[in-house]
Number of protein chains: 2
Amino acid sequence: MVKRTSFERDGCPIARSLDAIGDWWSMLLIREALIGTSRFSEFQKRLGLAKNILTVRLRALVDQGILKTAPASDGSAYQEYLLTPKGRGVFPILVALRQWSEEFDERPEEIATILVDKEKGKPVRKLELYSQDGRPLSAGDTALKRRPAGKQGKRATA
Amino acid sequence: MVKRTSFERDGCPIARSLDAIGDWWSMLLIREALIGTSRFSEFQKRLGLAKNILTVRLRALVDQGILKTAPASDGSAYQEYLLTPKGRGVFPILVALRQWSEEFDERPEEIATILVDKEKGKPVRKLELYSQDGRPLSAGDTALKRRPAGKQGKRATA
DNA sequence: CTCTAATGGTTGCATCATTAAACTAGATTG
DNA sequence: CAATCTAGTTTAATGATGCAACCATTAGAG
């Protein structure tokens, strides 16, 4: 992570997410993990990143509770990296990234894969945002409200 | 030109999106732009990044068709940075990032803002993924299929 | 018309993250 | 018990990032 400007203490939840998984490799590691990749060498081969970086990233993801290490599973005495619920919770973010690419990429014909639902094998719908009473919302239909101040007196940026 | 390992030529749409907006500042700049920030100095004050970095990021976003510059609008002879449709298309990604933070952050009480729908002022629903016939899908209910080879050519806007 | 402040950048330099590659060391295979 | 696989650590070179200082333009005051 190149930055010294950490957003941990920022009140913006987007910044906080980016602080956790907003670097180039973490998202791809989680993507791989969702596909089923679980071993150090597998991640390294599939993503082609340097091993020292992979070490650091995996450890960071484990520290953050996004991945967990399991002692073994397929016979060998090595360990596996498995997604936690928090890690699986990244799925919608990845879907959103994918769909943005599908919709706006300049060369969509280069996109190699399609996300389908397993049961029917058909492409999934586009993610949509709804109000509590079920109206579809675009960016312009939303606003940011200050969180009702709880007991915390923590600082927060607008 | 953010990194040496570029994913431009990668077939994974997630990698392609990350290649375009996956750096720490771009997402936050788009977030600000969605809120209404449009001036160089405004971005700089609100995000607190160095001006040279801001220059590079804004130019990159303009080059990618995410932002566009407008000559003026509020009297002053300077330019504004406005979102294109491609830029506004990032909204669901930001919502997904926000909601991940809201759901899994270790100190959710530090989150300062809530995304509400303008009309009712109530929090929005969680983004959900649906199959074409309307069933909600989790990560495990989906699979990746190879894109139907070449013949397809370009996909239209739909 | 000059002085000054604000806006919108550009240029240089130091730092730190990233990379590839070499090296370690235990596990597994043969 | 030699070769190879796994999961790292260490190292040096590279270059992207961040900070500060420096230009250029515009606006306002006098």
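Side-chain atoms are counted along with the backbone in the values below, which use heavy atoms only and exclude waters and symmetry mates.
Side-chain heavy-atom separations under 4.5 angstrom define the hydrophobic clusters, and the remaining members of the one that includes V116(B) are I114(B).
Regarding contacts with the backbone of dT6(D), every side-chain N or O of Q79(A) stays at 4.0 angstrom or more from both OP1 and OP2. Taking 4.0 angstrom as the limit, W25(A) places a side-chain polar atom (N or O) nearer than this to OP1 or OP2 of dT19(C). Under 4.0 angstrom from either OP1 or OP2 of dG8(D) there lies at least one side-chain N or O belonging to Y81(A). Side-chain nitrogen and oxygen atoms of R57(A) include at least one within less than 4.0 Å of the OP1 or OP2 phosphate oxygen of dT18(C). Using a 4.0 Å cut-off, some side-chain N or O of R39(A) falls inside it from OP1 or OP2 of dA7(D).
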For nucleotides 23-27 of chain C, give me every protein contact, N/O to N/O, under 3.5 Å, one pair per line with atom names.
| unit_1 | atom_1 | unit_2 | atom_2 | d |
| --- | --- | --- | --- | --- |
| dG26(C) | N2 | Y78(A) | OH | 3.0 |
| dA27(C) | O4' | Y78(A) | OH | 3.1 |

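For D141(B), the side-chain hydrogen bond (donor to acceptor under 3.5 Å, both in side chains) test picks out S138(B), with sequence neighbours left out. Not a single salt bridge (charged side-chain N to carboxylate O under 4.0 Å, His left out) links R59(B) to another residue, sequence neighbours left out. Residues passing the salt bridge (charged side-chain N to carboxylate O under 4.0 Å, His left out) test with D105(B) are R16(A), sequence neighbours excluded.
Within 6.0 Å of atom CD in E106(B), 12 or fewer heavy atoms from other residues, nucleotides or ligands are found, so the atom counts as exposed in its surroundings.
In terms of polar N and O atoms assigned as donor or acceptor, the side chain of N52(A) never comes within less than 3.5 Å of the base of dT18(C) in a complementary pairing.
Rounded to an integer number of Å, the gap from CD of Q44(A) to P of dA7(D) is 10 Å. For the pair K45(A) NZ and dA7(D) C1', the interatomic distance rounds to 12 Å; values are reported in whole Å. Atom-to-atom, CG of D23(B) to C1' of dT18(C) comes out at 15 Å; the value is rounded to the nearest Å. Following rounding to the nearest Å, E80(A) (CD) and dT6(D) (P) show an atom-to-atom distance of 13 Å. Atom pair L54(B):CG and dA20(D):P shows a separation of 16 Å (rounding to whole Å applied). One can place CD of E42(B) at 10 Å from P of dT7(C), the figure rounded to the nearest angstrom. The CZ atom of R59(B) sits 11 Å away from the C1' atom of dG8(C) (whole-angstrom rounding). Distance CG (L29(A)) to P (dT18(C)): 12 Å, rounded to an integer number of Å.
Residue contacts shown for F43(B) are absent, as no nucleic acid heavy atom lies under 4.0 Å away. Nucleic acid contact class of S41(A) (heavy atoms, under 4.0 Å, all strands): sugar-phosphate only.
For residues 87-99 of chain B, the pairs satisfying salt bridge (charged side-chain N to carboxylate O under 4.0 Å, His left out) are R98(B)-E102(B), with sequence neighbours left out.
Look at D23(B) and R57(B) and you find a salt bridge, because one of the NZ, NE, NH1 or NH2 atoms lies within 4.0 Å of a carboxylate O, short of that distance.
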